[in-house]
Amino acid sequence: YPLRRQRQMCIRDRFIDGARVDGDRRTVLHLTCMHGHHDVASFLIDNKADINATNYSGDTPLMLAARYGHSQVVKLLLRSNCTVADETMAPSWSSMHRACGAGHVDVAEALLEAHEEFVNHKDKKGLTPLMAAVSANFSEGAVILMNKGANVHERDHEGRSAVFYAAMAGQEKSLRVLLTAHNIQVDQPDSVGETPLMAACKSGHESTARLLLNAQANLEAPDDVAPNPLIIAAAAGHEPIVRMLLNNGAHRRKEKAAEEAMKASKSREGADVHGALNPTPLTRTDSSMSSGGTERFHKIIELLKREPMSP
């Protein structure tokens, strides 16, 4: 037989029947789709390779092609009638989650065109593809999903919405997209009472905090016991956010904010002293870095004291 024919026979005899070729129990089709080899994938499928085979982690060839952004391979698999039932009938980190989390526009569009049931599908933690998209700042994907009917108000098992994830991750473009939705809820708290603005303040994301303030996000906590955004930003040492909150009318509980900033400063000073007395490659820092760690808290305290304290 010609050499090409011999190779085809070898592939068919050894691998097309679904034999696993590595420790992750992947087939040749898994590896071909993962690396985006369209012609080889087409040959394998034409010769009856198992298009829905799963590896040790439960991944199908479609999931791997979607994760790595191989849109032509994804379309080939969809045209060849690969099943997505195992992905959509139970909570899973689906092909759609993977495409959105990695920012693959063409793949996301192809998957939704073939299977709209992906649009609000949740994984085991309750995350939707929209949450995956905004966490990765895949704003174009967020637009695609919202145009297909993605529910912007869905929450995961911790009570966090897509707005929460965008704010927490500092993803300004994605948050802008979400804020265009009708009746978007910018103050929807998670299961422990933290709002998107609080999450942005804690993480130090000035851009998303500003967007939320412009959208009239609540400057207060649900009660006078829980820390409000000003207290959270002060305790975390985020001076620009503290300044922005004050400029937007966050004047309640400034004493508490100053108190938490002082506690954080003392804690940092203690850590610096311990690091100086017990230096290691991981803790050794120069004096400028050490002083800068506490200086920001001192600036915050001075900022909070500039106006009369309010109750």
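The chain is numbered in sequence order, starting from 1. Scope of the values below: all heavy atoms of this structure, side chains included, with no hydrogens, waters or symmetry mates.
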In Å and rounded to the nearest 0.5 Å, what is the [atom1] to [atom2] distance from [X] to [Y]?
{"X": "His238", "Y": "Glu206", "atom1": "NE2", "atom2": "CD", "value": "11.0 Å"}
{"X": "Leu29", "Y": "Leu44", "atom1": "CG", "atom2": "CG", "value": "5.5 Å"}
{"X": "Trp93", "Y": "Lys124", "atom1": "CH2", "atom2": "NZ", "value": "13.0 Å"}
{"X": "Ile144", "Y": "Glu109", "atom1": "CD1", "atom2": "CD", "value": "4.0 Å"}
{"X": "Ile45", "Y": "Asn81", "atom1": "CD1", "atom2": "CG", "value": "10.5 Å"}
{"X": "Asp106", "Y": "Gln72", "atom1": "CG", "atom2": "CD", "value": "8.0 Å"}

Is there a path of hydrophobic side-chain contacts, each under 4.5 Å between heavy atoms, that joins [X] and [Y]?
{"X": "Phe138", "Y": "Met96", "value": "yes"}
{"X": "Leu212", "Y": "Leu178", "value": "yes"}
{"X": "Ile232", "Y": "Ile301", "value": "no"}
{"X": "Met198", "Y": "Leu211", "value": "no"}
{"X": "Ile300", "Y": "Ile231", "value": "no"}

Which atoms form the tightest heavy-atom contact between [X] and [Y], and what is the distance?
{"X": "Arg243", "Y": "Arg306", "result": "NH1-NH1, 3.9 Å"}
{"X": "Pro229", "Y": "Leu197", "result": "CG-CD2, 3.8 Å"}
{"X": "His38", "Y": "Arg79", "result": "NE2-NH2, 4.2 Å"}
{"X": "Ala257", "Y": "Ala234", "result": "O-CB, 3.5 Å"}
{"X": "Asn52", "Y": "Thr60", "result": "O-CG2, 4.1 Å"}
{"X": "Ala236", "Y": "Arg296", "result": "O-NH1, 3.3 Å"}

Heavy atoms, side chains only, cut-off 4.5 Å: are [X] and [Y] in contact?
{"X": "Leu62", "Y": "Glu87", "value": "yes"}
{"X": "Val177", "Y": "Val134", "value": "no"}
{"X": "Leu175", "Y": "Gln171", "value": "no"}
{"X": "Leu77", "Y": "Cys33", "value": "yes"}
{"X": "Asp190", "Y": "Arg155", "value": "no"}
{"X": "Asn218", "Y": "Asn228", "value": "no"}
{"X": "Val242", "Y": "Leu230", "value": "yes"}
{"X": "Pro196", "Y": "Val186", "value": "no"}

Donor + acceptor pair across side chains of [X], [Y] (<3.5 Å):
{"X": "Thr208", "Y": "His205", "value": "no"}
{"X": "Asp187", "Y": "Thr195", "value": "no"}
{"X": "Ser161", "Y": "His153", "value": "no"}

Subject >> From CA spacing to verdict: side-chain contact (heavy atoms from CB on, under 4.5 Å), Gln188, Val163 >> reply: CA-CA 9 Å; Gln188 193 172 47; Val163 170; over 6 Å; no

**OP:** Dump the intermediate steps for salt bridge (charged side-chain N to carboxylate O under 4.0 Å, His left out) on Glu295 and Lys299, then the final yes or no.
**Re:** CA-CA 6 Å; Glu295 181 64 25; Lys299 289 181 178 179; 5.0 Å; no

Would you confirm whether [X], through its side chain, and [Y], through its main-chain N or O, come within 3.5 Å as a donor-acceptor pair?
{"X": "His30", "Y": "Arg25", "value": "no"}
{"X": "Ser139", "Y": "Ser174", "value": "no"}
{"X": "His97", "Y": "Leu127", "value": "yes"}
{"X": "Glu117", "Y": "Thr88", "value": "no"}
{"X": "His121", "Y": "Pro91", "value": "no"}
{"X": "Ser135", "Y": "Met131", "value": "yes"}
{"X": "Arg67", "Y": "Met34", "value": "no"}

**OP:** Begin with the C-alpha distance, continue with both residues' side-chain angles, and end with the deciding distance and a verdict on side-chain contact (heavy atoms from CB on, under 4.5 Å) for Asn151 and Thr128.
**Re:** CA-CA 9 Å; Asn151 185 350; Thr128 64; over 6 Å; no

Sidechain N-carboxylate O distance under 4.0 Å for [X], [Y]:
{"X": "Lys256", "Y": "Glu260", "value": "yes"}
{"X": "Lys263", "Y": "Glu259", "value": "yes"}
{"X": "Asp59", "Y": "Arg98", "value": "yes"}
{"X": "Arg253", "Y": "Glu220", "value": "no"}
{"X": "Lys173", "Y": "Glu140", "value": "no"}
{"X": "Lys125", "Y": "Asp156", "value": "no"}

**OP:** Output, in order, the C-alpha distance, side-chain angles, deciding distance and verdict of side-chain contact (heavy atoms from CB on, under 4.5 Å) for Leu145 and Leu112.
**Re:** CA-CA 8 Å; Leu145 288 161; Leu112 282 177; 3.9 Å; yes

**OP:** Show your working on side-chain contact (heavy atoms from CB on, under 4.5 Å) between Leu304 and Leu246 and close with a plain yes or no.
**Re:** CA-CA 8 Å; Leu304 291 166; Leu246 291 172; 4.2 Å; yes

Original post:
Counting heavy atoms not belonging to Met262, are there more than 12 under 6.0 Å from its CE?
Top reply: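 Incorrect, the count does not exceed 12.
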
Original post:
Above 12 or not: heavy atoms from other molecules or residues under 6.0 Å from NZ of Lys75?
Top reply: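 It does: Lys75 NZ has more than 12 such atoms within range.
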
